[in-house]
There are 2 protein chains.
Amino acid sequence: MNTVKLTSTLAFRLGTLGAVVSERFSARLAAHGLKPKHVGLLTVLESGTATSQLDIAKLMNVAPSLVVSLADRLEELGAVRRERDPFDRRRQTLALTQEGRELLTVCTRAAAELDTELTGDLRPEEAEALRSVLGTLARHSGLPTD
Amino acid sequence: MNTVKLTSTLAFRLGTLGAVVSERFSARLAAHGLKPKHVGLLTVLESGTATSQLDIAKLMNVAPSLVVSLADRLEELGAVRRERDPFDRRRQTLALTQEGRELLTVCTRAAAELDTELTGDLRPEEAEALRSVLGTLARHSGLPTD
DNA sequence: TATTGTTATACTCTATAACTATA
DNA sequence: TATAGTTATAGAGTATAACAATA
């Protein structure tokens, strides 16, 4: 007989915890006028993995039209600059400004604070092992890890 | 100088991985005409933590009106039965049918398969440690763990 | 004619508000 | 008058489709 509970599967726990954590991260970002996807875009730019809006859309697995509105908002906040590629004037290159870098730092600090709240119950080496193994899974799923 | 990367925080990793895993779980559930929240409701019923629609809504942290449509769908599939409470005819009690129990078993199997895919790269004791520590975090966030 | 970015539109998910029936 | 459930409506988030500029 099989008595495995759904709630003890990794899938269930990662899914539900992920939702709760995203929600709490979102709440902290709101103070800076950002949502998680804006921060995702900033992260892509910092990594230098993609700069044209279309490449960013592919990398983030979102529609190109969504990148437009994310970039609009970030430009409005002075976090990114749009620059026409002089060699192919159809392409818009997004560049992280100093202000954008600072904003990303603030978001990173918010995430780190959340980490502290989350792992309050864990021993430091447990928390570190968790971070590390999640990194392995993230890489395996094609997500950025650093 | 602070060089911590956002992508290496627990918050970022849990949030992004949670989204990816939910998406993949969702895709598997689609074959059975279900979405994650339907399964969440089945799980509540199995746990016996709540039976009236309003109590279920509170427990799941969703609007009562959402429970209505989730229950509608589950009733349609024969997974739950609505029963008027004879002592307070305003209350609808949701009862898991045999078919609902079987459906939950199928969903649990889908999650377990996903677990196998996810942890293919990990040593068994790493995977188990992960499951366990996520359980601790989930409990700490008020999520069901078994 | 194909591609990049943009705009217009539509769809999914979920919440809030209005309503019905019981209490 | 208050509460459980339901229905109607609205909002957030994101995708798809139509369009403009450039290649």
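Since this is a predicted model, take the numbers as computed values, not measurements. Naming convention: chains lettered A, B, ... in sequence-line order (proteins, then strands); numbering from 1 in each chain.
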Using a 4.5 Å cut-off on heavy atoms from C-beta on, say whether the side chain of [Y] contacts that of [X].
X       : Y        : result
B:Glu99 : B:Leu77  : no
A:Arg81 : A:Leu96  : no
B:Leu14 : B:Leu134 : yes
A:Ser8  : B:Arg131 : yes

Inset, instruction - Could you identify which residues of residues 16-24 of chain A place a heavy atom less than 4.0 Å from some atom of DNA chain C, listed by residue number, or say none? - result: none
Inset, instruction - Could you tell me which non-hydrogen atom of A:Ile56 sits nearest to which non-hydrogen atom of A:Thr51, and how far apart they are? - result: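 Heavy atoms only, the tightest pair is CD1-O, 3.5 Å.
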Legend entry - DNA chain D: 5'-most and 3'-most nucleotides touching chain A, 4.0 angstrom heavy-atom criterion: D:dG13 to D:dA23
Any N/O pairs under 3.5 Å between the protein and nucleotides 12-16 of chain C? List them or say none.
{"from": "C:dC13", "atom 1": "OP1", "to": "B:Lys35", "atom 2": "NZ", "distance (Å)": "3.4"}
{"from": "C:dC13", "atom 1": "OP2", "to": "B:Lys35", "atom 2": "NZ", "distance (Å)": "2.7"}
{"from": "C:dT14", "atom 1": "OP1", "to": "B:Lys37", "atom 2": "NZ", "distance (Å)": "3.1"}
{"from": "C:dA15", "atom 1": "OP2", "to": "B:Ala63", "atom 2": "N", "distance (Å)": "3.0"}
{"from": "C:dT16", "atom 1": "O4", "to": "B:Ser65", "atom 2": "OG", "distance (Å)": "2.8"}

Inset, instruction - Flag the pair A:Asp72 and A:Arg82 as a salt bridge only when some basic side-chain nitrogen lies within less than 4.0 angstrom of an acidic carboxylate oxygen. - result: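 Salt bridge between A:Asp72 and A:Arg82, a charged N being under 4.0 Å from a carboxylate O: yes.
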Inset, instruction - Return the set of residues passing salt bridge (Lys or Arg N to Asp or Glu O under 4.0 Å) with B:Arg28 (not counting sequence neighbours), or none when no residue passes. - result: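 Checked B:Arg28 against salt bridge (Lys or Arg N to Asp or Glu O under 4.0 Å); matches are B:Glu113, B:Glu117.
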List for me each residue that meets side chain to side chain donor-acceptor pair (under 3.5 Å) alongside [X], sequence neighbours excluded, and say none if there are none.
X        : answer
B:Glu126 : none
B:Asn61  : none
B:Arg139 : B:Thr145
A:Ser47  : A:Thr49

Legend entry - Stretch residues 42-57 of chain B: residues that reach within less than 4.0 Å of DNA chain D through a heavy atom: B:Ser52, B:Gln53, B:Leu54
Inset, instruction - Go through residues 85-97 of chain A and report each residue with a non-hydrogen atom lying under 4.0 Å from DNA chain D, sorted by number. - result: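 Close to the strand are A:Asp88, A:Arg89, A:Arg90.
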Inset, instruction - Determine which pairs satisfy salt bridge (Lys or Arg N to Asp or Glu O under 4.0 Å) with at least one residue from residues 41-65 of chain B, sequence neighbours left out, and list them in order. - result: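 Non-adjacent pairs meeting salt bridge (Lys or Arg N to Asp or Glu O under 4.0 Å): B:Asp55-B:Arg91.
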Inset, instruction - Indicate yes or no for a side-chain donor-acceptor contact from A:Thr116 to the backbone of A:Ala112 under 3.5 Å, with no hydrogens or angles considered. - result: yes
Legend entry - Short side-chain to backbone donor-acceptor contact, A:Thr119 and A:Leu122, under 3.5 Å: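 Side chain of A:Thr119 to backbone of A:Leu122: no pair is present.
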List, one per line, each side-chain donor-acceptor pair under 3.5 Å for residues 34-44 of chain A, sequence neighbours excluded.
{"from": "A:His38", "atom 1": "ND1", "to": "A:Lys35", "atom 2": "N", "distance (Å)": "2.9"}
{"from": "A:Thr43", "atom 1": "OG1", "to": "A:Val39", "atom 2": "O", "distance (Å)": "2.9"}

